[in-house]
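Below: the structure, in structure tokens.
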Protein chains: 2
Amino acid sequence: MSLPHALLTALAERPGSGSELAARFDKSIGFFWQATHQQIYRELARLEEAGFVESLPEESTRGRKRAYRILPSGRKELKRWINQHDEPAALRDELMVRLRAEAAVGPTGLDKQIERRLAVHQDKLALYRRIESRDFQGHEPKGREAELHHLVLKAGIRFESHWIEFLAEALEVLKRAVA
Amino acid sequence: MSLPHALLTALAERPGSGSELAARFDKSIGFFWQATHQQIYRELARLEEAGFVESLPEESTRGRKRAYRILPSGRKELKRWINQHDEPAALRDELMVRLRAEAAVGPTGLDKQIERRLAVHQDKLALYRRIESRDFQGHEPKGREAELHHLVLKAGIRFESHWIEFLAEALEVLKRAVA
DNA sequence: CATAACATGTAATGAGTTACATGATTAA
DNA sequence: TTAATCATGTAACTCATTACATGTTATG
């Protein structure tokens, strides 16, 4: 469970309110760890409870921005967590189950689905590439932090490319298998 | 949510008890959709409730195997589900969050973690390749069902290869960034 | 000043995980 | 025949999702 630490990371990069964090999630860390605003508000409250972050103003704010920032203990916790062991995220994809199901009770015309997924991944890849050419143009070193951000983005690019290649192969297999 | 349909698929391939399904999950569909035995038992009970599967014996079995098999309505439901739209599984990986955290508050020596993950993925890749050479040796067509099973396995192989490539790059970047 | 957009929050639900319990079968 | 293992099951809990509610700020 990484959401609290994803939030601590975002706040370590820059203070912000819940809604700002939600917006930032949508275009950086969120590529690899999504969260709805409800999760974010709840988790921020917990982090404050635990003393890892603080927020202003003190009194209850309904409708008004609440400014969060990370505290030293939060940074410490984040550093501790970074080197915790983790298992690879379990690969869980409905499409794989659908392919097995297609094998068992098909054919059902699954290639339509696959073409749709292909388009989704192509769009995502295009988005990542746009971000890359905007934020990481030159190939010369740009400092440790930027290099690591670039690395994470390149993971996304690899991942989407992987899917596109696989889905193209899947289409071929499906067409061949029908004939 | 695919667990019920993963179970229907497994039962369409071959009838079995809860524990047998759990064991099969561990080495086929389970590569892409995991479930604990508790989930499986609960979900099998729901599927029976819904009339998609039936089980013997009728009376309560605590400690004794309960044999499940799929019913026609279960097959029908499975066919219907195959062509439901699905979104790509959200990519959610703690390591990506750790890399961002490392960028924000590091360096912390994250390369140890990455080497560990690298080993995990190399092991998995080796396992998948063993399965491939055991079950899908020849390159000649082996029928629709086998081709689709092979396809799913190849997705796993691609996926693990992707991770290995990425983690190797990550190691390079981390070493370079420290220096 | 009315309305839309924004920001925070509550409540209900469900999937998935963990810990534990109990009956049946197998092996020492 | 006792212990270990297998098979099924119950209970409690957490994360994540969905729907909804309420207040504040910006805009015409």
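Among residues two or more places apart in sequence or in another chain, the ring pair (Phe, Tyr, Trp, His ring centres under 6.0 Å) test is passed with B/Y68 by none. B/H150 meets the ring pair (Phe, Tyr, Trp, His ring centres under 6.0 Å) test with B/F136; sequence neighbours excluded. Every residue meeting the ring pair (Phe, Tyr, Trp, His ring centres under 6.0 Å) condition with A/Y128, not counting sequence neighbours, appears here in chain and number order: A/F31. The side chain to side chain donor-acceptor pair (under 3.5 Å) check on B/K154 picks up A/E169, with sequence neighbours excluded.
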Provide a list of protein-nucleic acid N or O atom pairs under 3.5 angstrom, restricted to nucleotides 26-28 of chain C.
none

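Spacing between atom CZ of A/R24 and atom C1' of C/dA7 amounts to 16 Å, rounded to whole angstrom units. One can place CG of A/D26 at 13 Å from P of C/dC6, the figure rounded to the nearest angstrom. The distance from atom CD of A/E87 to atom P of C/dG16 is 19 Å, rounded to the nearest whole Å. One atom, CZ of A/F25, and another, P of C/dA7, lie 17 Å apart when rounded to the nearest Å.
Within 6.0 Å of the CZ atom in B/R80, the count of heavy atoms belonging to other residues, nucleotides or ligands exceeds 12. By the 6.0 Å contact criterion, CZ on A/R69 is open, its count of non-hydrogen atoms from other residues, nucleotides or ligands being 12 or less.
Note: B/L47 CG to B/I70 CD1 = 8.5 Å, rounded to the nearest 0.5 Å.
Judged purely by atom type and a 3.5 angstrom limit, B/R24 uses its side chain to pair as donor or acceptor with the backbone of B/A10.
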(Q) Using a 4.0 Å heavy-atom cut-off to protein, can you give one letter per nucleotide of nucleotides 2-17 of chain D, 5' to 3': B if the base is in contact, S if only the sugar-phosphate is, - if neither? (A) -----BBBB----SBB

